[in-house]
Protein chains: 2
Amino acid sequence: MKPLSKTQDHPSNNKLIKKFLKEGSHFHHPSFSIDCVIFGFHENQLKILLLKMHHSKKWALPGGFVGKDEDLDDAAHNILKSRTGLTNIFLQQFHVFGSQNREDPKYVNQMLDFYNMNKKNHWLKKRFITAGYYALVDYSRTFPQVDPFSSHCSWINLNEIPAMILDHKIIIDKALFTLRLQLIYQPIGLNLLPKKFTMRDIQSLYETILNKKIDRRNFQRKILSLKILKKLKEKKKGLPHKSPHLFKFDEKQYQIALNEGLKGSW
Amino acid sequence: MKPLSKTQDHPSNNKLIKKFLKEGSHFHHPSFSIDCVIFGFHENQLKILLLKMHHSKKWALPGGFVGKDEDLDDAAHNILKSRTGLTNIFLQQFHVFGSQNREDPKYVNQMLDFYNMNKKNHWLKKRFITAGYYALVDYSRTFPQVDPFSSHCSWINLNEIPAMILDHKIIIDKALFTLRLQLIYQPIGLNLLPKKFTMRDIQSLYETILNKKIDRRNFQRKILSLKILKKLKEKKKGLPHKSPHLFKFDEKQYQIALNEGLKGSW
DNA sequence: TCAAAAGTGTTTGGTTTACACCCATGA
DNA sequence: TCATGGGTGTAAACCAAACACTTTTGA
């Protein structure tokens with residue numbers, strides 16, 4: 001596992017947390033939460049942003065609740081912004097998880113004990129239904145921030161996922177499945193790659209998500225035929241070999257392709 | 001619009017309804033509901049099962065609530081069974097609807113007045129988040145049943161949808177969109193067609209869902225290449241012209257195809 | 001015996017796959 | 001000057017779309 005982002009202890013947050021634990025249920029849609037699977041891409045690795053929880057050895061997806069008068073999608077965007085600083089990002093609901101046993105009384109009890117809260121019938125101990133959202137972001141433009149219940153907020157390689165609370169591992173798997181499916185009929189990469197990138201960069205992205213090798217020449221032909229890329233005059237310098245062209249997304253065409261739903265398969 | 005199924009007035013249900021209105025919130029997951037878009041196919045028409053509400057001129061999707069200790073998917077199956085009598089049916093969650101303004105205070109007020117209930121802070125007047133499920137069923141094997149809040153339960157042609165409560169029209173549109181998308185990478189038709197059917201039957205189904213004509217010969221080649229159909233010795237008799245072969249689904253292959261996700265496009 | 005629908009190909013053009021050669025660059 | 005990856009091309013296999021002829025049937 002890669003080095004973690006620096007611990008932030010938020011000791012000043014104690015009061016806030018207590019208020020939240022006591023009165024949170026008044027401000028939020030009851031027994032309903034949102035969990036975000038935030039994908040980032042760096043050094044040919046697909047990563048997701050995870051939180052290490054206080055009061056538990058386990059990790060969790062960035063999540064939150066829905067305000068009483070808040071749209072679901074807005075709530076998800078707020079969570080994304082709080083953890084990464086990013087706004088206006090592709091963020092999509094992909095599944096609701098509502099199995100009857102999605103609770104973790106042990107963890108919640110520990111937390112309530114820690115803050116000297118009354119455990120009986122506490123609103124957090126009820127079964128929650130959670131909506132899973134997934135986002136694709138540019139790893140290098142994020143500033144991961146812990147939330148009050150976590151000690152670390154880190155990018156973790158997809159093949160190094162630690163023990164997760166609740167059914168969060170299932171949520172991640174479903175997100176990845178959806179992402180791969182999506183890739184078949186929609187373009188992907190805007191927000192996940194830097195503004196300018198080489199053909200190899202975007203191919204690595206596709207290969208990583210699909211977890212298979214693609215022929216370099218065939219990939220180029222196919223991705224260009226989608227008309228979502230613009231070739232720049234500029235080349236990438238300072239590499240040990242021939243300087244590759246840089247590309248950027250043609251955002252207009254990209255949006256059209258997103259809406260129309262591409263066909264075909266990789 | 002086609003003739004409606006016979007009105008059932010459920011006068012004996014008054015007591016039950018009052019109990020539900022008074023105490024329903026104790027038994028159910030709070031402020032959360034399920035709505036089902038149940039597609040059926042008959043006479044080359046795609047239909048959906050709708051309820052005409054008491055106390056309103058509008059119609060609604062068959063829906064319900066989730067028991068405190070009930071899985072989301074189980075709740076959806078129960079709703080499907082109550083309205084159609086069917087079990088073991090393809091039923092899939094496709095979206096959660098949680099915009100902040102999905103309420104219809106006027107309609108709920110009318111109903112509460114009718115039953116002399118206290119309107120103040122009534123649990124049904126809160127904003128609900130609802131999970132949309134869609135099902136594909138064999139029209140001819142259903143026995144549509146009203147629920148206590150509706151006077152009719154009828155199959156309505158997709159192009160003759162009446163005024164709907166809340167955002168139910170949006171839910172229908174999204175279901176249809178998902179169905180069309182699904183058709184691209186998954187087989188469809190089991191449960192929606194009778195056990196035995198002709199090549200024309202299944203082609204009509206595809207044409208109806210996709211809302212476009214498909215070449216008869218190309219369709220046959222393509223659908224057979226999926227290996228999900230079994231040709232029967234039997235032929236359909238009593239037609240004015242040449243007797244067509246009957247087919248049935250190879251359920252084993254069908255399930256495999258469902259899980260693998262077909263590729264390609266129609 | 002005829003109209004209508006079923007059964008069965010074939011041709012054509014495009015897309016996907018597999019594979020090969022030359023070019024630019026820094027070490 | 002050489003190892004490495006970039007840029008470009010082509011043949012074969014495969015698939016989708018357009019289209020035609022023959023067969024069966026009841027009226």
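Residue numbering restarts at 1 for every chain, and letters A, B, ... go by the order of the sequence lines.
- For B:Arg217 and D:dA16, a side-chain-to-base donor-acceptor distance below 3.5 Å is absent, hydrogens and geometry of angles not being considered.
- Atom NE2 in B:His245 sits about 12 Å away from atom P in D:dT24, given to the nearest Å.
- Taking only side-chain atoms of A:Asn218, from C-beta outward, the nucleotide of D:dG6, C:dT17, D:dA17 with the closest atom is C:dT17.
- Whole-Å rounding puts the A:Asp215 CG to C:dA20 P distance at 11 Å.
- No engagement by B:Lys236 is indicated, since no non-hydrogen atom pair under 4.0 Å with the nucleic acid exists.
- B:Arg216 comes within contact range of at least one nucleobase, with a heavy-atom separation under 4.0 Å.
- Look at NZ on B:Lys213: it is 17 Å from C1' on D:dA18, rounded to the nearest Å.
- A salt bridge links B:Arg217 with B:Asp215: the distance from a Lys NZ or Arg NE/NH1/NH2 to an Asp or Glu carboxylate oxygen falls below 4.0 Å.
- With values rounded to the nearest 0.5 angstrom, B:Phe39 atom CZ is found 11.5 Å from B:Leu205 atom CG.
- Distance check: B:Asn159 CG to B:Lys47 NZ gives 9.0 Å after rounding to the nearest 0.5 Å.
- Among the protein residues, A:Arg221 comes within range of the nucleic acid bases, having at least one heavy atom under 4.0 Å from a base atom.
- A salt bridge links A:Glu234 with A:Lys196: the closest approach of a Lys/Arg side-chain nitrogen to an acidic carboxylate oxygen falls below 4.0 angstrom.
- In this model, the phosphate group of C:dA6 is approached by a side-chain N or O of B:Arg200 to a distance below 4.0 Å at OP1 or OP2.
- As a whole-Å value, the separation of A:Phe219 CZ from D:dT8 C1' is 17 Å.
- Between A:Glu207 and A:Lys212 there is no salt bridge, since none of the side-chain N atoms of the basic residue sits less than 4.0 Å from a carboxylate O of the acidic one.
- Between the CG atom of A:Leu226 and the P atom of C:dT15 there is a distance of 11 Å, rounded to whole Å.
- One atom, CD1 of A:Ile214, and another, C1' of C:dT16, lie 13 Å apart when rounded to the nearest Å.
- As a whole-Å value, the separation of B:Ile223 CD1 from D:dA17 C1' is 17 Å.
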Identify the pairs formed between an N or O of the protein and an N or O of nucleotides 22-27 of chain C at a distance under 3.5 Å, and give each distance.
unit_1 : atom_1 : unit_2   : atom_2 : d
C:dG26 : O4'    : A:Pro240 : O      : 2.9

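- B:Leu224 has its CG atom 16 Å from the C1' atom of D:dC15, to the nearest Å.
- The distance from atom CD of A:Gln92 to atom CZ of A:Phe90, rounded to the nearest 0.5 Å, is 4.0 Å.
- By the ring-ring contact (aromatic ring centres under 6.0 Å, His included) test, A:His77 pairs with no residue at all, sequence neighbours left out.
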